[in-house]
2 protein chains.
Amino acid sequence: MTAKTAATRSPKVPLSRERVLGAAIAVADTGGIASLTMRRLAQELGVEAMSLYYHVSNKEDVLDGMIDAVVTEINVLVDALEPNPDWRLALRERILTARQVFLRHPWAPGVLESRTGMSPPIVLYFDSVLELLRAGGFSYDLAHHGLHALGSRALGFTQELFDPGDDDYSGDADAALLEQMAEQVPHLVAMMMEISHDDPESTLGWCDDQVEFEFGLDLILDGLERSRERA
Amino acid sequence: MTAKTAATRSPKVPLSRERVLGAAIAVADTGGIASLTMRRLAQELGVEAMSLYYHVSNKEDVLDGMIDAVVTEINVLVDALEPNPDWRLALRERILTARQVFLRHPWAPGVLESRTGMSPPIVLYFDSVLELLRAGGFSYDLAHHGLHALGSRALGFTQELFDPGDDDYSGDADAALLEQMAEQVPHLVAMMMEISHDDPESTLGWCDDQVEFEFGLDLILDGLERSRERA
DNA sequence: ACCTGAACACCGTTCAAGT
DNA sequence: ACCTGAACACCGTTCAAGT
């Protein structure tokens with residue numbers, strides 16, 4: 001009866017950088033990154049917006065801290081993974097584990113890519129990936145190329161260019177629309193029709209992100225292994 | 001004496017959607033996407049901010065239009081490319097051509113990834129990529145996987161996770177800093193030292209984006225060719 | 001030490017009004 | 001048809017002032 005709803009609103013426990021960042025992540029997870037304003041964040045913590053500036057220096061600092069928290073979450077998980085003598089399997093498991101964390105924080109890829117510098121947690125993550133590649137017999141030079149080839153996949157995400165949930169081009173696209181597009185983009189239409197024929201359940205919301213992520217990841221890992229053998 | 005500086009300021013030629021989008025691209029190219037505000041854009045055109053809303057519906061519409069203009073620029077260039085019987089070489093040239101356009105518009109990758117839906121120019125581009133893959137002997141199913149594996153590389157860009165120009169971790173990082181980091185991230189430091197030893201000119205601003213882009217691209221193209229042969 | 005009220009300089013956007 | 005002045009609801013942020 002006394003406490004209204006969230007435990008976060010209690011004014012007993014004082015604010016701290018950690019509480020601010022935790023609330024920020026919660027807001028972004030729930031309402032998207034666009035909903036994260038300093039005023040909204042303060043409200044979530046039962047405080048005035050100006051109070052936040054005692055614990056964080058500005059909004060950029062909040063975004064930096066949110067990313068560090070997410071990557072730290074990843075580091076804890078991947079550090080607990082059991083070693084695997086096959087570098088490909090070891091790295092694959094690491095990356096897919098990291099991916100799970102990003103799936104819980106859909107705003108994180110966009111924010112991460114908007115940050116310029118490396119923070120300690122990110123540096124730690126990449127160092128551990130490098131360790132894996134070295135143990136797998138990679139030179140530093142090839143490992144370096146490999147990190148670039150993986151790109152954001154090394155951290156467990158790809159920025160999907162198109163939202164399959166978009167109404168305009170997915171889900172309930174009917175035959176009439178397809179026919180209309182067929183003249184100008186015949187291959188795209190043919191591809192969608194063939195795939196939706198093979199799997200009638202998914203008309204145009206046809207991309208299984210997990211499957212596609214693993215396909216691309218394995219393609220790169222296999223390619224790197226071949227490069228390593230050749231070197 | 002009469003015309004102040006830019007030809008864009010002349011009030012003779014009336015505003016239009018095209019002029020608004022052109023000015024928006026110019027502003028973003030010059031000052032970065034963060035500098036693009038409706039007021040700044042209006043100022044560039046010698047007009048009040050409210051006038052813009054007669055030609056575009058809102059800022060989202062401006063961003064959509066900017067992307068469409070950039071991708072149209074790409075489509076014109078790649079359509080003029082001479083055909084190549086080797087699908088890998090053909091696609092490689094296409095993608096590297098598209099990349100040149102993105103290098104001129106550094107804001108475009110970020111904006112593109114923030115858009116949800118596909119627009120006609122983007123759909124056209126992907127259809128032409130699909131056409132190339134089909135001509136190279138790909139099934140629609142494998143071509144679809146291939147598009148996902150390429151990700152934004154298919155359009156000619158990768159979102160670099162770290163800005164090599166960042167002062168904190170690049171350029172003039174001295175030996176003392178490296179030594180300090182060596183204990184916690186030994187492989188990263190070893191890699192940077194080895195690479196900077198091989199190429200002393202580039203201490204920590206060591207990543208040649210073009211080389212790395214092509215390495216990753218070729219890795220994926222080769223992997224897709226192998227998948228195609230196996231299928 | 002920690003929080004806040006009032007205020008500032010900015011946003012995107014609307015709408016009735018001007019020409 | 002095309003542009004604008006005034007205004008609204010929102011931002012992030014500062015700073016002197018409160019407890």
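These values consider heavy atoms only, across backbone and side chains, with no hydrogens, waters or symmetry-generated copies. Below, chains carry the letters A, B, ... as their sequence lines are ordered, and counting in each starts from 1.
Residues passing the salt bridge (charged side-chain N to carboxylate O under 4.0 Å, His left out) test with B:E60 are B:R115, sequence neighbours excluded. Residues forming a salt bridge (charged side-chain N to carboxylate O under 4.0 Å, His left out) with A:R92 (at least two apart in sequence, or on another chain): A:E214, A:D218. With sequence neighbours left out, the salt bridge (charged side-chain N to carboxylate O under 4.0 Å, His left out) criterion links A:R99 to no other residue.
Among the protein residues, B:M50 comes within range of the nucleic acid bases, having at least one heavy atom under 4.0 Å from a base atom.
Under 4.0 angstrom from either OP1 or OP2 of D:dC2 there lies at least one side-chain N or O belonging to B:Y54. Residue B:Y53 has a polar side-chain atom (N or O) positioned under 4.0 Å from OP1 or OP2 of C:dT13. Applying the 4.0 Å criterion to OP1 and OP2 of D:dT4, one finds that B:S51 has a side-chain N or O inside that range.
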Scan the side chains in residues 22-33 of chain B for donor-acceptor partners under 3.5 Å anywhere in the protein, sequence neighbours excluded, and list what turns up.
from, atom 1, to, atom 2, distance (Å)
B:D29, OD1, B:H105, ND1, 2.9
B:D29, OD1, B:W107, NE1, 2.5
B:D29, OD2, B:H105, ND1, 3.0
B:T30, OG1, B:A26, O, 2.8

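Within residues 55-68 of chain A, the residues that have a heavy atom under 4.0 Å from DNA chain D are, in order of number, A:N58, A:K59.
Distance CG (B:L41) to C1' (C:dC11): 14 Å, rounded to an integer number of Å. Atom CZ in A:R40 sits roughly 12 Å away from atom P in D:dG12 (whole-Å rounding). For A:M38 and C:dT4, the CE to P distance is 14 Å, given to the nearest whole Å. Atom CG in B:L52 sits about 14 Å away from atom P in D:dC2, given to the nearest Å. Atom CG in A:L36 sits about 11 Å away from atom P in D:dC11, given to the nearest Å.
Between B:E48 and B:R39 there is no salt bridge, since no side-chain nitrogen of the basic residue lies less than 4.0 Å from a carboxylate oxygen of the acidic one.
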Applying the Watson-Crick and G-U criteria (both distances under 3.5 angstrom) with [ ] for crossing and | for other-strand pairs, one obtains for DNA chain C ||.|||||...|||||.||

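For the pairing with A:L112, the side chain to side chain contact (heavy atoms under 4.5 Å, CB included) check across A:V70, A:L63, A:I67 returns one residue only, A:I67.
Relative to the side chain of B:E48, the nucleotides D:dG5, D:dG12, C:dG12 differ in distance, and D:dG5 lies closest.
Residues A:A154 and A:F126 approach most closely at CB-CE2, 4.1 Å, considering heavy atoms.
Taking 4.5 Å as the limit, every side-chain heavy atom of A:L96 sits out of range of all side-chain heavy atoms of A:Q100. Contact of the A:Q159 side chain with the B:S152 side chain is not registered, since no non-hydrogen atoms from C-beta on lie closer than 4.5 Å.
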